[in-house]
Amino acid sequence: MKALFIDVSYKTKGSKPVLTLIFKRKRFFRIHDSSFEPYFYLHSEDVYEAKKAIEQLIVEEKGMVVKAKRVEKVNKILAGKEKEMLRIVCNHPQEVPILREEIKKFGTTYEHNIPFTRRYIIDTGLAPLNTIEFEREGKELKKIIKIHDTPTPKFNTLVFDIETYNPQGAPRPAKDPVIMISYAGETSGVFTTKKIDRPFVHFCSSEKEMIEKFCELIKKKDIEIIMGYNSSQFDLPYLKERASVLKTKLALGRDDSSFTLHRRGLITKAKIKGRIHIDLFHIIRFLATIGALKTFQYTLTEVYSEITGKKKKIVPKLEIWKYWDENLKCGELADYSLNDSVAEKELADQLLPMEFEISKLSKVPLFEICGSSTGTIVEQLLMNRAHWENMIVPNQPKEEEINARVASPAVGAFVKMPEPGIYDKLVVFDFRSLYPSIIISHNIDPFTLNCSCCEKDAFVSPVGHRFCRKKRGLIPTVLEELLQKRSEIKKRMKSLKPGTDEYLQLDARQQALKITANSFYGYLLYPRSRWYSKEAGESTTAWGRHYIQETMKKAEEAGFKVLYGDTDSLMLLLGDKKKKDALEFVAKINSELPEKMELELEGYYTRGVFVSKKGGEKGEEKGAKKKYAMISEDGRIKIRGFELVRRDWAGVAKQVQKQVLEAILKEGSKEKALKIVTDKIDELRAGKTPLEELVIYTQLKKSPGKYEINSPELAAAKKAMNAGMPIEVGSLISFIISRKGSSISDKAMPAELAKDYDAGYYIEHQVIPAVLKILKELGVKKEDLLLGGKQSSLGDWH
DNA sequence: GCGAGCAGCGTACCT
DNA sequence: ACAGGTACGCTGCTCGCG
């Protein structure tokens with residue numbers, strides 16, 4: 001039969017492990033496999049002696065007698081070399097750690113901590129969300145015939161969101177009821193305990209009935225994927241506690257169980273039996289950490305508007321209870337509640353296809369892979385592939401080793417120091433997938449390092465490490481395939497109409513491939529990596545520095561002036577040269593680069609601003625790296641690093657800086673820029689600036705007690721805590737510098753409690769520093785800003 | 001005892 | 001809990017001066 005593979009779990013029957021595979025055809029169903037055996041490997045100096053000893057070995061643990069089921073001699077590739085090793089087959093997964101503890105005295109054990117269900121997927125080649133063709137006998141799996149990569153079908157999905165009564169600010173689950181449960185899927189609606197005149201409202205006579213009706217809906221609709229926003233931390237635990245207070249069950253699972261919490265590193269996931277629960281917030285956090293998404297705060301409201309470009313209905317969190325109490329406003333609250341679920345559904349529709357593809361690629365079931373780190377994705381992909389290649393998976397490093405790795409970081413990228421100034425006619429080039437292409441071109445891998453076969457002919461990195469030229473490494477092989485697949489997909493997409501099902505799925509797949517390919521270099525230097533190699537990692541960056549610097553040299557030789565460059569990009573001054581010359585230059589560079597590497601022309605810019613670093617007053621001014629603004633030919637402004645892109649600067653300073661940059665880039669008008677600044681300073685002095693423009697946002701990365709020194713955000717956080725506001729690790733502190741106090745920290749007040757502002761601070765520490773660094777390039781001095789707008793005419797800066 | 005100068009902490013950014 | 005490179009504000013210490 002053919003069915004879509006979803007997930008696998010195992011339990012013990014008798015004393016044997018039995019795997020339960022979840023498949024989907026029309027509905028989810030289960031098939032068992034009781035034939036799969038757990039095992040691990042041993043590398044020993046004396047294979048024969050070790051085998052004999054292990055076969056005799058009997059371990060008694062907590063009254064259990066544990067021994068190996070069988071011991072097999074196998075040939076495997078360990079750290080790039082063929083070795084005879086032992087495969088120790090066990091009776092039960094739980095016996096693996098017990099036997100391993102005894103057996104490690106014979107040598108080094110491998111693959112002893114791969115979870116049994118992962119082991120099963122790796123060894124069978126089963127890929128989640130692919131169609132599996134198999135034979136069965138009743139409920140037992142007999143044989144896997146083929147695995148088909150078919151388009152992902154539609155799932156029965158439901159998004160939900162709850163509203164809680166919160167007269168005290170934060171809702172207390174022991175006392176404060178859930179007042180609304182909204183959902184969106186095929187249809188959408190709101191369960192609530194008030195008779196609200198809206199067509200989508202389902203009236204429930206009590207909170208208890210509301211929870212029960214919601215669970216019934218999930219059961220009746222046979223929901224396969226259930227989602228929420230921060231549902232694992234808020235909605236689900238809250239519902240569970242309410243259910244227990246109300247003496248009812250939160251029957252979300254197929255067996256009427258509620259959910260279980262699973263900690264994976266820093267995130268906690270809620271698992272619902274027989275369904276796939278996905279917390280969209282985890283996906284958002286993942287996208288934020290890889291830099292694919294950047295918002296000020298990661299609230300549903302902000303994320304929704306960033307991703308869809310649309311605004312969501314808003315009811316201030318602290319006023320929800322008031323809306324509820326005021327009968328006339330209940331309708332609005334219901335609209336809001338429904339809108340939350342509908343918005344989350346839209347997010348899910350956009351985000352899930354990529355998660356599906358990451359799951360297929362890494363072969364990790366959807367529930368497990370959703371929101372996991374790039375390290376996990378790369379690692380799982382490599383583990384699967386290592387198995388096919390008959391390679392032993394390297395062990396995870398011990399704490400000690402991790403610390404040693406952290407203590408000795410590798411040298412990274414090259415960044416050129418720019419000459420501060422305002423420039424016209426720029427051209428920007430980028431290396432396409434710089435690090436992946438370097439890894440592929442030079443066969444960089446932990447186990448191609450210092451091979452014995454290419455003594456004279458190896459790839460030698462600029463830092464002196466040698467990589468084999470004959471045998472391909474695992475990492476370059478996998479990486480090359482990923483890039484190859486991605487370019488094929490991109491080619492196919494060109495022949496399709498955007499928006500079709502096939503196009504969207506291909507787009508999701510190319511995103512997954514890109515994210516994964518871009519994570520390999522990081523994984524080489526990730527301290528907890530199984531494939532860590534400082535030599536490989538630092539060779540990658542060394543070649544990166546080499547190519548960018550060589551390209552800069554060649555650009556100078558070709559008569560361009562190199563303004564700036566960072567890692568894989570370079571910015572040239574076109575000067576008297578034409579676009580044709582830029583194209584010729586890129587073609588020449590590409591003819592000299594290794595085949596898999598490529599320099600691309602990113603675009604032409606009509607004007608760009610570089611500023612000097614702060615503090616470099618005396619002696620020569622040094623240009624600030626990672627800080628510039630440019631305007632492209634078609635009028636698009638690109639701003640990097642300036643205060644205005646940072647959340648820890650006040651809105652006033654950011655707005656003024658933005659206007660100044662725009663005035664310079666678009667119009668070249670110094671007068672206009674000056675006027676903007678002096679007007680704002682006047683407004684600040686007069687005390688007329690609205691407090692919202694003065695809020696500074698800073699995240700507390702540690703818990704408030706763990707700081708060595710005081711800081712404005714910490715001081716503000718403590719004041720907020722005293723006022724009863726919840727502050728914890730990761731809280732985003734919003735504060736305003738008020739008039740009361742001596743140090744800046746003393747003056748920092750939580751935005752919610754601030755009544756006034758310190759004009760002097762905002763003028764001297766926010767607005768002036770933000771704009772002066774730019775206006776300095778036009779000859780403006782600090783006094784010019786403080787004295788007002790009587791200025792000389794625009795000088796020529798060219 | 002006091003202010004200037006500076007190191008180091010801490011955060012957020014860039015590629 | 002993917003990497004390293006960078007800017008920069010603020011605190012709190014050291015140091016020179018008196």
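Since the model is a prediction, treat every value here as computed from it, not as a measurement. Chain naming here is simple, since letters A, B, ... match the order of the sequence lines and numbering starts at 1 in each.
Using a 4.0 Å heavy-atom distance criterion, A:Ile290 is classed as a base contact. Contact annotation for A:Lys773: backbone-only contact, meaning every heavy-atom pair under 4.0 Å involves sugar-phosphate atoms and none involves a base. Contacts of A:Trp649 with the nucleic acid, taken as non-hydrogen atoms under 4.0 Å apart, involve only primed sugar atoms and P, OP1 or OP2. Looking at heavy-atom distances under 4.0 Å, A:Tyr628 makes contact with sugar-phosphate atoms alone, never a base. Residue-level contact check: A:Gly412 touches the backbone only, with heavy atoms under 4.0 Å from sugar-phosphate atoms and none from bases. Residue A:Tyr526 is in base contact, counting any heavy-atom pair closer than 4.0 Å across all strands shown. A:Val378 comes within 4.0 angstrom of nothing in the nucleic acid, heavy atoms only.
Between A:Glu643 and A:Lys627 a salt bridge is recorded (basic side-chain N to carboxylate O distance below 4.0 Å). Between A:Lys360 and A:Glu357 there is a salt bridge, with a side-chain nitrogen of the basic residue lying less than 4.0 Å from a carboxylate oxygen of the acidic one.
Note on A:Tyr761: a side-chain N or O is less than 4.0 Å away from OP1 or OP2 of C:dC10. Within the structure, every side-chain polar atom (N or O) of A:Tyr707 is placed at least 4.0 Å from both OP1 and OP2 of B:dG8. When the side-chain nitrogen and oxygen atoms of A:Ser373 are compared with OP1 and OP2 of C:dC2, one or more of them lie within a distance under 4.0 Å. An OP1 or OP2 oxygen of C:dC10 is reached within less than 4.0 angstrom by a side-chain nitrogen or oxygen of A:His765. Proximity of A:Arg646 to the phosphate of B:dC13: no side-chain N or O atom is located under 4.0 Å from OP1 or OP2. One finds a side-chain N or O of A:Lys627 lying less than 4.0 angstrom from the OP1 or OP2 phosphate oxygen of C:dC8. Not one side-chain nitrogen or oxygen of A:Lys614 sits closer than 4.0 Å to the OP1 or OP2 atom of C:dC8. In terms of phosphate contacts, A:Ser745 brings a side-chain nitrogen or oxygen within less than 4.0 Å of OP1 or OP2 of C:dT11. Between A:Lys625 and the phosphate of C:dT6, there is a side-chain N or O to OP1/OP2 separation shorter than 4.0 Å. A:Lys294 has no side-chain polar atom (N or O) that falls below the 4.0 Å cut-off from OP1 or OP2 of B:dC14.
The distance between atom CD of A:Glu538 and atom P of C:dG5, rounded to the nearest whole Å, is 11 Å. Atom-to-atom, CD of A:Gln699 to P of B:dC13 comes out at 10 Å; the value is rounded to the nearest Å. The CZ-C1' distance, from A:Arg528 to C:dA3, rounds to 16 Å in whole Å. Residue A:Phe520 contributes atom CZ, which lies 18 Å from atom P of C:dG4 at whole-angstrom precision. Rounded to whole angstrom, the span from the OH atom of A:Tyr697 across to the P atom of B:dG10 amounts to 24 Å. Taking atom CD1 of A:Ile358 as the reference point, atom C1' of C:dC2 lies 13 Å away to the nearest angstrom. Between the CD1 atom of A:Ile744 and the C1' atom of C:dG12 there is a distance of 14 Å, given to the nearest Å. One interatomic measurement links the two molecules: CG of A:Leu479 to P of C:dA3, which rounds to 17 Å at whole-angstrom precision.
Here the side chain of A:Val645 is nearest to one of B:dA12, B:dC9, B:dC13, namely B:dC13. Distances from the side chain of A:Asn710 to the nucleotides C:dT11, B:dC14, C:dA3 place C:dT11 closest. Nearest nucleotide to the side chain of A:Asp566, out of B:dG10, C:dG12, B:dC14: B:dC14. Checked against C:dA3, C:dG5, C:dG9, the side chain of A:Lys626 finds its nearest nucleotide in C:dG5.
A donor and an acceptor atom, one from each side chain of A:Thr376 and A:Ser373, are located under 3.5 Å apart.
Panel note: side chain A:Arg486, backbone A:Ala512; no donor-acceptor pair is recorded below 3.5 Å.
Heavy-atom contacts from other residues, nucleotides or ligands closer than 6.0 Å to NZ of A:Lys534 number more than 12. Few gaps surround NZ on A:Lys638; more than 12 heavy atoms of other groups in view lie less than 6.0 Å from it.
Comparing A:Phe414 and A:Ile709 by the nucleotide of DNA chain C whose heavy atom lies nearest to each, the residue mapping closer to the 5' end is A:Phe414. Positionally, the nearest nucleotide of DNA chain C for A:Pro409 lies more toward the 5' end than for the other of A:Pro409 and A:Gln766.
In this structure, A:Lys554 fails the cation-pi test against A:Phe585, since its NZ or CZ atom is not both closer than 6.0 Å to the six-membered ring centre and inside 45 degrees of the ring normal.
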